[in-house]
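Comments concern the structure below.
What you are looking at is a predicted structure, and each value in this text was computed from that prediction instead of being measured. Numbers for residues simply follow the sequence, beginning at 1.
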Amino acid sequence: MIRYKKLGYVELNVSNLDRSRRFYEDVVGLEFVGERSDGAVLFRCDDEDPRSVVLHQQQPAGFKSVGWQLEDEAQFELLHRRLRDARVPYEELGSAQCELRQAIRVTRTTEPHSHAALEFFTADGPRPDKPFAVTHTKIQRLGHVVWSVPHEVESIAFFREVLNFRESDSIGEIMTFMRPFPSPFHHGIGVGKGPKRVIHHLNFMVSEIDDIGKAQNRMRKHDVPIVFGPGRHPASTSVFFYFLEPDGMTLEYSFGMEEFTEVDPRKPRTLPMAAESIDEWGSVRDPRMGQTGDIEEARIGAPA
Ligand SMILES: CC(C)c1ccc(C(=O)O)c(O)c1O
Ligand SMILES: [Fe+2]
C-alpha cells in the first residue's frame with residue numbers, strides 16, 4: 001500500500017505572471033520565494049515546504065501539475081508496480097528536473113481520465129531556515145485541489161485502486177473527496193463531474209476564523225470577485241470562503257477540517273445532492289465559481 005506524507009505542491013499556468021505574482025503575494029498572502037531558472041515563480045505558505053505553489057507564464061491559464069510527497073523512498077517501488085500493473089505510463093525525472101522541484105526523486109505520470117500531470121516525490125532536505133512569513137492571513141498549509149472532469153467515476157477509481165487514496169465523502173454523484181493515505185485531513189483532492197476538464201478550485205487552510213472574516217473585507221477592497229461564502233461545508237465541517245484569482249480560477253480559504261485516524265477511520269458517506277450538503281449557512285454561489293482553468297494535457301516523455 002502506497003503511503004503518502006502529504007500534498008506537496010500545485011503548479012498553475014497564468015496569463016500574466018507579474019500580475020499573478022502580486023495577487024498571490026499581496027491578496028492571497030503567500031510568501032514569494034523566488035524565480036526558478038525556467039522562469040516559474042515559487043511561493044510558500046507553511047514552515048515546512050520550500051514551495052507550495054508554482055506559477056508558470058503559459059496560456060491558457062489553468063492547472064499544470066500536482067506533487068504528492070511520498071512517505072519515504074520505499075514508496076516508489078510500490079507506486080511503480082501499481083502503475084505498471086494498471087498499464088499507466090510513468091517516467092522518473094532526471095536530476096535537473098528534480099533540482100527544479102527541490103526534490104530528491106520524482107516520478108511523473110498522468111491521470112489517465114483527466115490527463116492531469118501527477119508527480120510523486122521525496123524531499124528529505126533541510127526545512128526552510130525561516131518560518132513562513134505571515135502577512136494578513138495565517139495560512140497553515142496548502143489544503144486541496146479539486147478538478148471537474150467528464151470521466152469522474154473512472155478518475156476516482158484510479159485514485160482509489162491504483163494510487164491508494166481513500167474516499168472521505170461524496171456529494172450525490174457530482175463530487176467525491178479523497179485523502180492520500182494516511183494523511184489525516186478530510187481531503188487532499190476532490191474529483192467532480194463536469195462537461196470539460198477544469199480545475200474547480202485550489203484550497204489553502206487557514207488558522208483562524210478571523211482569516212475568513214478579514215478576507216471578505218480585503219477582497220471587497222481589492223475588487224476581487226467573491227464567488228461563494230462565507231459558509232460551512234457539512235462534509236469536512238470547514239468554514240469556507242471562495243474568490244477568483246486574476247485569470248478567473250477559483251481559490252478557497254478554509255478554517256477547520258475533519259481529521260481521520262489511520263486505523264479504523266469512519267466510513268465514507270454520500271451526502272444528498274442538495275444545497276445544504278454544500279453549505280449549512282445558506283450562501284449563494286456565483287456561477288463563475290469553478291468554471292475557469294483548463295487542465296493542461298500532460299504527456300509522459302515530453303518536457304515536464
Ligand atoms: C463546493 C465544493 C466542491 C466543496 C464542498 C465541500 C468541501 C468540504 O467539505 O471541505 C469543499 O472543500 C469544497 O470545496
Ligand atoms: Fe474545497
* To do: For a side chain to side chain donor-acceptor pair (under 3.5 Å) with S168, tell me which candidate from E258, R266, R179 qualifies.
  =>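 Result for side chain to side chain donor-acceptor pair (under 3.5 Å) with S168: R179.
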* Partner of D169 under side chain to side chain donor-acceptor pair (under 3.5 Å), chosen from K267, R269, H187 ->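 For D169, the side chain to side chain donor-acceptor pair (under 3.5 Å) check succeeds only for R269.
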* Asked: So, for W68 and F165, is the gap between ring centers shorter than 6.0 Å?
  -> yes
Shortest non-hydrogen contact from [X] toward [Y]:
X    : Y    : answer
R36  : L42  : CD-CD2, 3.7 Å
F240 : G229 : CE1-CA, 3.6 Å
Q140 : S207 : CG-OG, 3.2 Å
L100 : S37  : CD2-OG, 3.4 Å
L30  : F204 : CD2-CE2, 3.7 Å
L163 : F120 : CD2-CZ, 3.8 Å

Salt-bridge test for [X] and [Y]: reply yes if a basic N is under 4.0 Å from a carboxylate O, no otherwise.
X    : Y    : result
R127 : E48  : yes
K193 : E173 : no
E11  : K64  : no
R141 : D46  : no

Atom [atom1] in [X], atom [atom2] in [Y]: separation rounded to 0.5 Å?
X    : Y    : atom1 : atom2 : result
L12  : L202 : CG    : CG    : 6.0 Å
K214 : M219 : NZ    : CE    : 12.5 Å
R160 : I156 : CZ    : CD1   : 7.5 Å
I300 : R108 : CD1   : CZ    : 5.5 Å
I104 : E73  : CD1   : CD    : 7.0 Å
S15  : Q58  : OG    : CD    : 11.5 Å

* Excluding sequence neighbours, so at least two apart, what forms ring pair (Phe, Tyr, Trp, His ring centres under 6.0 Å) with F255? ->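 F255: no ring pair (Phe, Tyr, Trp, His ring centres under 6.0 Å) contacts found.
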* To do: Tell me, please, which residues at least two apart from Y253 pass ring pair (Phe, Tyr, Trp, His ring centres under 6.0 Å).
  =>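 Applying ring pair (Phe, Tyr, Trp, His ring centres under 6.0 Å) to Y253 gives F243.
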* Under the salt bridge (charged side-chain N to carboxylate O under 4.0 Å, His left out) rule, what pairs show up with a residue in residues 238-254, not counting sequence neighbours? -> R19-D247
* Considering residues, nucleotides and ligands other than H151, do more than 12 of their heavy atoms fall under 6.0 Å from its NE2? -> no
* Crowded around E208 CD? As in, over 12 foreign heavy atoms under 6.0 Å? -> yes
* To do: Verify ring pair (Phe, Tyr, Trp, His ring centres under 6.0 Å) between H201 and H144, making sure each step is shown before the conclusion.
  => CA-CA 8 Å; H201 66 274; H144 55 263; 5.3 Å; yes
Quick check with a 6.0 Å cut-off and a 45 degree axis cone: is [X] positioned over the face of [Y]'s six-membered ring?
X    : Y    : result
R166 : F181 : yes
R285 : F228 : yes
R105 : F121 : no

Would you say the side-chain atoms of [X] and [Y] include a donor-acceptor pair closer than 3.5 Å?
X    : Y    : value
E111 : S114 : yes
Y9   : Q69  : no
N13  : Q59  : no
N203 : S254 : yes

* Short side-chain to backbone donor-acceptor contact, S236 and S238, under 3.5 Å ->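 Indeed, once roles are kept as given, a pair shorter than 3.5 Å links the two residues.
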* Asked: Given the rule in the salt bridge (Lys or Arg N to Asp or Glu O under 4.0 Å) test, do R197 and E296 qualify, once you have shown the distances and angles that lead to the verdict?
  -> CA-CA 9 Å; R197 299 161 47 252; E296 186 182 328; over 6 Å; no
* Asked: How far apart are the C-alpha atoms of K6 and D49, what are their side-chain angles, what is the distance that settles it, and do they pass the salt bridge (Lys or Arg N to Asp or Glu O under 4.0 Å) test?
  -> CA-CA 11 Å; K6 61 178 177 173; D49 290 299; 2.6 Å; yes
